[in-house]
Each structure stands twice: as C-alpha cells, then as structure tokens.
Number of protein chains: 2
Amino acid sequence: MPPVELRHLRYFVAVAELLNFTKAAQRLRVAQPALSRQIRDLEAELSVPLLERGPRAAKLTEAGAVFLGEARALLQRADEAVKLARAVARGERGEIHVGYAPSLTTELLPCALHSFHNAAPGVHVKLHDLSSEEMLRGLGEARLHLGLMARPSERALRGLKFELLREYPIGVALPPRHRLARGKTVALPQIADEPLVVYSRGEYPEYHAMLTELFAKSGRTPRLAEEHDSAPSLIAAAEIGRGLVIAPACLGILAGGRLKFLPLHPPPPRIQLVAVFDPQRLTEAAGKFLAAARIAEINPPVTNSRPRHRPQ
Amino acid sequence: MPPVELRHLRYFVAVAELLNFTKAAQRLRVAQPALSRQIRDLEAELSVPLLERGPRAAKLTEAGAVFLGEARALLQRADEAVKLARAVARGERGEIHVGYAPSLTTELLPCALHSFHNAAPGVHVKLHDLSSEEMLRGLGEARLHLGLMARPSERALRGLKFELLREYPIGVALPPRHRLARGKTVALPQIADEPLVVYSRGEYPEYHAMLTELFAKSGRTPRLAEEHDSAPSLIAAAEIGRGLVIAPACLGILAGGRLKFLPLHPPPPRIQLVAVFDPQRLTEAAGKFLAAARIAEINPPVTNSRPRHRPQ
DNA sequence: GCGGCATTATGCCGGAAAGGCATCGCGGCG
DNA sequence: CGCCGCGATGCCTTTCCGGCATAATGCCGC
C-alpha cells in the first residue's frame, strides 16, 4: 500500500476548501480525474472516508473535518521547515558557539555581539569562557565555530586560520597613588623588584610565557606575589596594594578608574586579539559573527547602547 | 520543480540517523542509488546542502541538523494525523452534540454519559438544553447528532428515526401533607378543580398538548395556577402549596422526598423518552452514545459513581 | 606508493504511478 | 423528459521512482 504523501494532503485540502472536485482540480492545475483518484487513494490508505460525494457538492465527513485541520497544520509546518532550513543555510537562523578569553575580550565582545544581533537577529550565540587550549581543541573537534583569544603559535593552529581583530600594548596597572603612577610610561627595570599579582599559571599558561619572555630579555625573573584566576580579582588585589599587574591595555577597561595603566617602555610586542576558526567549515552565521567582530574593531566601542548583551 | 514529499523526509531521516547512505538504503529497503538521488532532489528543492558526503561517512550540515528535527516532528505528526482520522472514524475520538430535554432526562442522562465515557473516553460530548422543536431542527440541519426527548409526532420527524429508551407513567406530584397524598393513585376527577403549576406554554408546547388531551377525555379544562420554565422551580412551587404538578414519574427523581408522586388512575398513555437521530448520518460516536443510553436503560441507574458528569 | 575497501555518484532500463482526455453514470432542475 | 453539473471510469501518455551495473573517490594498510 503506497504511503501517504504531502501531495495527498495538498489535494485533500483543496477539495475540502472548495467542496468541489472540479474547481479544486482547476486550482491545483491538474485534471479532475487525477484529483479524484488521489483522494480515493488517500481514503483507501486511511481506510476512512473523508468526503461524501453528492451530485450537488461534496461534504466533509466528521473524520474529514478533523483530518483537514491536521493536514493544514502539517502542510504549513512543512513549509516552515523548508524556510527554516534555508534560513539556517543563509546564516539567518540557528546558533553558533563562540569561545572567548574573558579578560582580553571585554572591550570587543559586547560590540561584536551587538552588531551581530543587528546583522542576524535569529541566530543564538552561545558563549564559552575557555582557555586558549580548550578553544583550539573545541575548534578542532567542531564543537566551536569561533574562538576569540590571544594569537596562538603557528603550530598550535593545526590547520585553523585566524584573523587579527585588535592589538593591545603591554603595560603595568597600578593604584593611582603608587609611586610609579606619576610617569607616563614604565620601564622594565623600574618594576623588576616590585611584587606582581598575576594570572594563575594553570589557567593562563601563555600569559606566563609572555611574562617569562618579557623578563628574560633583561635577564631578570619576575617576582610573583599572588596568582588570581580572573581579571576582577586581579584588579582588586592590585588596588589594595598587593602588587602590580602586567597586562594588555584592555585590562584598564575592566579596572575603570581604580587602577592606572602605564604602557611599558620600550614597548614589547603588542598582544594580538584574534578570531580563530576552521576555514573548512566556517558556517554562514559564524562568518557573519566574524564580520561583526571586524566591524566592532573598526568602529570604536560605543559606551551607551550595549545593555542588551553581556557575556554569559 | 517537484515539491517536497514525505518520502523525502523519510529518506533523509534514515540517512541522517545512520549517517550512511548504504545502510539507510537497506533499512528503507530501496537501493542505494535511488536513495542518493532522492536526497539530492531534496537538497536541490531546498537549495540547501543537508549532508556532507565523506568517503568514510556522511555528516550533517548545520541546516541538515535543524532540518532533521523538523522532519522527524513532521513525520510523527503525519502519523498521528492518520491515527487520529482513523480513531474519529471508529468513533473513538471527536465530539458529538447531544440535545436533551432537561427534566425528562435527569434519570437517564447521567448514566448514559457515564457508560459512554467508559466506551469512548476520547469523545467529547457537547450537551445542549433544547426544546423538542429546536432539537428536531438541529437534527435536520446536522448540527446535532442525537436528541433525547419525548417521542415526537410522526410528521415532525421528517425522515428522522427514533429509538425508545424509557417510558414514564403520568402522575401527580404533590406535597406529602396534601389531602390527596394519602392514596396510592389519583383519578383525574379528584384534581379537576385543583390549581396546577405547569411548565410554561412557550417552552413546553407538547407538555400543554398532553395536558389538554388528558383533560379533554373527561370534558374538563385544567385550572392553571402558575407557569414555570424549569423543573426545580416547578417543584419548589408545588412544595409550598401553589398547586399540583402533572408530570411524568421521572420528576420524582428531581423532587427527592420533597414531593410525593402518585400515578394517575386509570393510567393515561405513558410518556416515551426516545433518542432521535438522522439514520443517514449516524456517526460511529453517536451510535456508541445511543448504545450507552440503551445500556443505561437496561441497567437501572446507579446512584453512586456519577459525579464525573453533569449537564452543561 | 599502491592496491584494496569502503563509500557515494552516474547511466541506463523497466515498471509503477500520476496526469490527461474522453466518456459514462447519476441526481436535480427546468 | 431532456439538460446540466458533478464525480467516476477506462485508456493512453508521461513522469519519475527504483533497481542493476558500474564508475569515481577518498582512506587505510602493507
């Protein structure tokens, strides 16, 4: 027995609405006998009469009336399913998973989210606060579409591509009343003996790599006073004088006026905030997010109009 | 361009679940090339790639993953629609409209509803408190499936059929302390001069026809004291002594112990409670209700276990 | 690096089934 | 009683789905 197809439903709905096989056949642009047989087949498949044929007009049976509602709903749902699939393919619906380095993206992320929401309102963004290593793994295993992080080493990329979004100079954040806060810049020798509050080594290995390299050039080793696992707690520690913070300039955004940021002199290589992705499977939606992040880079961050989006 | 059919969805779901065209073709009991082409046609119709074919295995695209969910839901819904139509045709789902004469059916209706609910739990019963005339009209215009009422005249039926459910003797309901309440029966002459409280003529014309005929045989005319539009108010009036009530015995059910019922002697023709229906379009569900009412006639009313159903 | 093995895609053919055309049967209406 | 509108039937054509054989492709192991 041939199964029920959407064609049967389309034909049945037409007949049920016009209550006339001939007119329905015209609307469907098929001949009346073809229509009659399709309806007959449908009824045979259901073993249920759906229409009572009268010489004057057709009439719905009770089962037919119920089935009409179902058929209409089904056809509409099918239509929506098709539209939805197309919208997903165009990157107008769906969801993307974006990994981000929390303290490095405080400036960019809100802007990118805002402009992405304008570009693709139907796409849900799932944010994942991850370490660089986790992001690269997630991208490799296709669990992430995009990673926002400090530029990783070439060999860690393993086929992934990246795009530069922003650069931040390295500097020192310290309380405004600190003795070094008077100058406009800070030289490394000035802080070689100062206690430092730093990101925890376990979660931010590349931060420590950067620190080590920084001090190695002057032959010194940093004096690590405390480790913290997040920027806010780092800032709080620095604010109460537990030590200085060496960090990219974007930390100043988080600190507000509580810490003063002084770039290092001579300037070391700047921290590069990049978007990492797998060029093989960059979906439309992920591409739009990348574009939004790019725009957020060109347009300086707007301090108003960002209340609708926040990380997590 | 050929439209999307359920077949495409069935095929796609199979491939998406197994992620392997060959295996899916086996499950679907078609050859692999046929399956491949159907999927290709589906993707062409959507203009959306749903699967990424790898030599090792197939993989869903993002749009494919979304569409898979929709396709599953659609197929299940279609299946349910078919089952629903069949259930309606079998009289296991749906609704029926039943007209009823309120005071005449107080005994039968609760039992019938109860046993019908057991027989067809999925069928919603819509009750309509109607006069005989309205019921016959509703039945003629196919707005009612069944009417529970006093047996109408043959010419009022106009093609409708009826089935006898119960018969009630005509009698007199009066307060227990009334002087006539001492006997076991009442003869018409005894009440010829008594004031009567009666159903209102407008809403119960056949009741008045019955009254007139009753008295005509003895050459008297009834002395109508008050008209009421419902049994409870009739009973209340009789209870406080405004007059006697001439009514079928089933009124006693409503009155409880407040009135005493005495059958007339010699007994006039008994009131026949019948179910009226259009034999042309007696649906399965309506037939089941009729059967339930029939059973309710055989089995005497159970006084417990009726709380689940009440008129309206 | 190359053959073997899995996978999917392609070409071709036969048959089922949908569509079209002509016609019939059947009520209702004038 | 004949005409008209409607749906059903019979017959033929066309479409397209499915099957078979086979090619193309990417991976793996030796």
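Distance OH/A/Tyr100 to CE/A/Met149: 14.5 Å, rounded to 0.5 Å.
Aromatic pair A/Phe67/A/Phe12: centroids less than 6.0 angstrom apart.
Between B/Thr22 and A/Pro33, it is B/Thr22 whose nearest contact on DNA chain C lies nearer the 5' terminus.
If you check residues 6-16 of chain A against DNA chain D, you find no residue with a heavy atom closer than 4.0 Å.
In this structure, NZ of B/Lys59 is placed 16 Å from P of D/dG26, rounded to the nearest angstrom. Summarising the geometry, the separation between CD1 on A/Ile39 and C1' on D/dA8 is reported as 14 Å, rounded to the nearest angstrom. Distance CG (B/Leu35) to P (C/dA9): 9 Å, rounded to an integer number of Å. Rounded to whole Å, the distance from CD on A/Gln26 to P on D/dG7 is 11 Å. Atom CG in A/Leu42 sits roughly 12 Å away from atom P in C/dA18 (whole-Å rounding). Note: CZ (A/Arg40) to C1' (C/dA18) measures 12 Å, nearest angstrom. Between B/Gln32 atom CD and D/dA23 atom P there is a gap of 15 Å when expressed in whole angstrom units. Regarding A/Arg37, its CZ atom lies at a distance of 10 Å from the C1' atom of D/dA8, rounded to whole Å.
Listed nucleotides: C/dG27, C/dG20, C/dT8. Nearest to the side chain of A/Pro55: C/dG27. You'll find that the side chain of B/Ser36 is closest to C/dA9, out of C/dA9, D/dG7, C/dT7. Picking from D/dC6, D/dG18, C/dT7 the nucleotide with the shortest atom distance to the side chain of A/Asn20 gives D/dC6. Proximity note for B/Arg53 (side chain, C-beta onward) versus D/dA8, C/dT8, C/dT7: the nearest is C/dT8.
Contact annotation: side chain of A/Gln38 to base of C/dA18, donor-acceptor pair absent below 3.5 Å.
A/Ser36 and A/Gln32 form a side-chain donor-acceptor contact under 3.5 Å, judged by distance and modelled atom types alone.
Phosphate proximity of D/dG5 to A/Lys23: absent, as no side-chain N or O sits under 4.0 Å from OP1 or OP2.
Of the possible donor and acceptor atoms, none in the side chain of A/Arg151 sits under 3.5 Å from a partner among the backbone N and O of A/Leu164.
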Output, in order, the C-alpha distance, side-chain angles, deciding distance and verdict of side-chain hydrogen bond (donor to acceptor under 3.5 Å, both in side chains) for A/His208 and A/Glu206.
-> CA-CA 5 Å; A/His208 280 267; A/Glu206 65 287 330; over 6 Å; no

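Taking 4.5 Å as the limit, some side-chain heavy atom of B/Leu84 sits within range of a side-chain heavy atom of A/Glu70. For the pair B/Glu17 and B/Arg27, the minimum side-chain heavy-atom distance is below 4.5 Å.
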